[in-house]
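Data first, discussion second: the structure below is written as structure tokens.
Throughout, a chain's letter reflects where its sequence line sits, starting with A, and its residues are numbered from 1.
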Amino acid sequence: MQITRRHFFRVMGAAGASVAVRPPAGHAWQSNAPPDSFGCLVDLTRCVGCRKCEEACAEVNGLPEPERVNCQCTIFEKDRRPDHDAYTVVNRYYTGKVDEFDKPVPTFAKVQCMHCQDPACVSACIVGALTKDETGAVRYDVTKCIGCRYCMVACPFEIPAYEYSDPINPRVMKCTFCYDRISKEGGLPGCATICPTEAITFGRRSTLLEVAGKRLKDNPARYLPHIYGEKEVGGTSWMYLSGVPFEQVNLPTLPENPSPKLSETVQHSLFTYLWSPILLFGVLGGVMAWFNKNDNPPDKGGV
Amino acid sequence: MAHAARPLKRPLWTPGVLVMLVFMFAGAVAIIARFTGGIGYVTNLSNARPWGIWVGIDVATGVALAAGGFTTAALAHIFGRHYYEPVTRPALLTAVLGYTFVVIGLLVDIGRSWAIWKPMFYWNFNSVLFEVAMCVMIYLTVLYIEFLPIVAEQFKGRVNLPGILSGLNRLADGFLHTADRILGKVMWVFIILGVVLSCMHQSSLGSLMLVTPTKLHPLWYTPILPLLFLTSAIAVGYPMVVFETTLATASFKLDSEVKILAPLTQITIFLLGFYMVLKIGDMGVRGTWIYLLDGTYQTNSFLVELLFGVMIPWIMLLFKPVRQSARGVFTAAALIVGGVVLNRVNVFIVGFRSPLTESGYFPAPSEILVTLGLIATLMFIYRVVVTYLPVLQAPKEVSS
């Protein structure tokens, strides 16, 4: 443990240089959302709970047939979530809404990956196995995945599911936005091709926002004046219109800030060009040289 | 000096060690079950609750409690307080073993254990976990390099490998000589590097949860989470050294190290006090104290953490009689260690709320057995190492 003056100045020089070249601190965080990507608009006032979208999704993505595929009644008795066998599921909610005969009216809600504009999972993924591509789809590359499940921790919509029963090669499973279909001209995601009530509208996100705005304006009594997904966590590719409060149909109330904004800002302002570790190394080296300058090096090694 | 670091050369197979072996065996069975039936077979994890005690305890707590390694190195070697050098070796050993078992814990927890090397080639600079992984990987290497001189001290000039390996004796001996000579000159680089890397990933472990503003309970979710993780790791470093040194000296019936440990607790008053001010101040600034009396188990867990893990031991240490009694010092240190353990468990498990599904999580028995088995293995290896390598301070007549 010897430190000489020469060592010390060399280290301090490196630290100083690194501080000099670092970019202006605190450069603002910027969204990485692709311009004019695709999205889907789900109109819950149109959905009748036929579950055809579940069936189409399973078929297109090579997943097992949905649970009790033709059941449109008792299947709704339990609240289901997307899992490793199903990228999308439809749930039924009684929210207190009644018809003119005081009969409770159900609201059906399809749930799947929202394909956030600035996805928390993409930011979190240790190896970049999750990416947001130019179609708007959040894609998963199993060849990079190590199975840390940080994406699942990060997701504000509780969407990624895991193959917990596979001991060696488990995968993260979630809606793909059918990216190989929608990246082709005129291609639609499986679920959107089949919906009999046109509750699912596929298109450019900007167009969908106009469509949604028009529906709200033309029929204000039918809807709550809110496009869910326009601003939630910085915006999502999948967006919802509803006649009942969104939190009652399992669409959580979320802030407008993208989830990764704070963590990425902290990481980049601290570690861009590794300026802070290098500075700390230099300072500690200086401290070490100062405090040990009169010492004969103690028994070497044996830290 | 009457005392120096020496191999203890005590009988290894004590009743305590046999108990450890039982836990190690049970843990091994649970790990075999995990690699045949999958994570779902041995744990209570779900899609809504992807991280359990393997992350919260084996990894996050393991890293925090290994902080004694870099805090004692900083004190004795960087700040030149050579008085404390006797405790640097046991602290270093704890860090080496702690981080080794963090990696083993990760291998069990991640779904594709065989792919653990992939972050070295696929980089995501936005990912906090990527930075943590890189730091832990490099720091583990640094720790082994720092430990090498202890091995060299014991075996240099008397390498005697058994049986067929004896042909390698000269080679191994030459390696130890060369490594010892080179490391003696450049060790300062590794000592500083160890402190820098520790500061980076100790804080970043807190940054891990910054990406989940809606899922972590507001009592813990704060923009200064990385700072709280760093300051608590620094604060727990010396108490952890006190805790394990007291246990080790009592268990091996060595002379108490109270003379060295007592001043360490004086430093702890400042370090823990700083953490406490940050933690309470943060609660005041963000107004989260309104949750404190709502009676949920999360809030209660926070209160236990703050009262018994931070405030009470801090107040205890203010009193001189406490600082001067071995029992008082040990009690305060144990409370602080417990407080940091509970903090990590709170942040990664108790305070984690899945937004849509009720995911009341309690670890499965086999999940607990894996954790206990890993801890038992760590303690067993600690015991083996201090028996055969010069780590703890022992009077000369014992080692002869």
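- Taking Trp114(B), Trp123(B), Trp117(B) one by one and counting their heavy-atom pairs under 4.5 Å with chain A, the maximum is reached by Trp114(B).
- Within the 4.5 angstrom heavy-atom criterion, no atom of Leu225(B) approaches chain A.
- Heavy atoms of Asn257(A) lying under 4.5 Å from chain B are absent altogether.
- Heavy atoms of Pro82(A) lying under 4.5 Å from chain B belong exclusively to its backbone.
- In this structure, chain B has a heavy atom under 4.5 Å from the backbone of Phe157(A), while its side chain stays farther away.
- Taking the centre of each ring, Phe108(A) and Phe76(A) come in below the 6.0 Å mark.
- With respect to chain A, the highest number of heavy-atom pairs below 4.5 Å among Val189(B), Val196(B), Leu210(B), Val211(B) belongs to Val211(B).
- With a 4.5 Å cut-off on non-hydrogen atoms, Val122(A) touches chain B through its backbone but not through its side chain.
- Ranked by heavy-atom pairs under 4.5 Å with chain B, the first of Cys145(A), Ala129(A), Pro255(A) is Cys145(A).
- Looking at Lys118(B), both its backbone and its side chain come within 4.5 Å of chain A, counting heavy atoms on both sides.
- When the candidates Ala74(B), Ser204(B), Ser203(B), Pro355(B) are compared by the number of heavy-atom contacts under 4.5 Å with chain A, Pro355(B) comes out ahead.
- To the nearest 0.5 Å, the span separating OG1 on Thr141(B) from CZ on Phe190(B) amounts to 9.5 Å.
- Asn91(A) and Asn250(A) form no side-chain donor-acceptor contact under 3.5 Å, judged by distance and modelled atom types alone.
- In this structure, chain A has no heavy atom under 4.5 Å from any part of Val55(B).
- Interface remark: Leu193(B) contributes backbone and side-chain atoms alike to the contact with chain A (heavy atom separation under 4.5 Å).
- Judged by distance alone, with hydrogens and angles left aside, the side-chain atoms of Asn169(A) form no donor-acceptor pair with the main-chain N or O of Arg112(B) at under 3.5 Å.
- Geometrically, Arg149(A) engages Tyr162(A) in a cation-pi contact, judged by NZ or CZ lying under 6.0 Å from the ring centre and within 45° of the ring axis.
- Summarising the local packing, CZ of Arg171(A) is surrounded by 12 or fewer heavy atoms from other residues, nucleotides or ligands at distances under 6.0 Å.
- Interface remark: Val111(A) contributes no atoms to any contact with chain B (heavy atom separation under 4.5 Å).
- When all heavy atoms are compared, the tightest approach of Tyr164(A) to Arg49(B) is OH-O, 4.0 Å.
- The part of Val266(A) that comes within reach of chain B is its side chain, from C-beta onward, which places non-hydrogen atoms under 4.5 angstrom from that chain.
- In terms of modelled atom types and a separation under 3.5 Å, the side chain of Lys132(A) and the main chain of His115(A) share a donor-acceptor contact.
- The candidate with the highest count of non-hydrogen atom pairs below 4.5 Å against chain A, out of Phe79(B), Phe125(B), Tyr41(B), Phe130(B), is Phe79(B).
- At a 4.5 Å heavy-atom cutoff, the contact between Leu45(B) and chain A is made by backbone and side-chain atoms alike.
- Expressed to the nearest 0.5 Å, how far CD1 of Ile39(B) lies from OG of Ser113(B) amounts to 7.0 Å.
- Heavy atoms closer than 4.5 Å to chain A are found in the backbone of Thr36(B), but not in its side chain.
- Interface remark: of the candidates Ser259(A), Pro156(A), Ala120(A), Ser259(A) forms the most heavy-atom pairs closer than 4.5 Å to chain B.
- Residue Asp166(A) touches chain B through its backbone alone, counting heavy-atom pairs closer than 4.5 Å.
- Considering CD of Glu54(A) and CD of Glu67(A), their distance stands at 9.0 Å, rounded to 0.5 Å.
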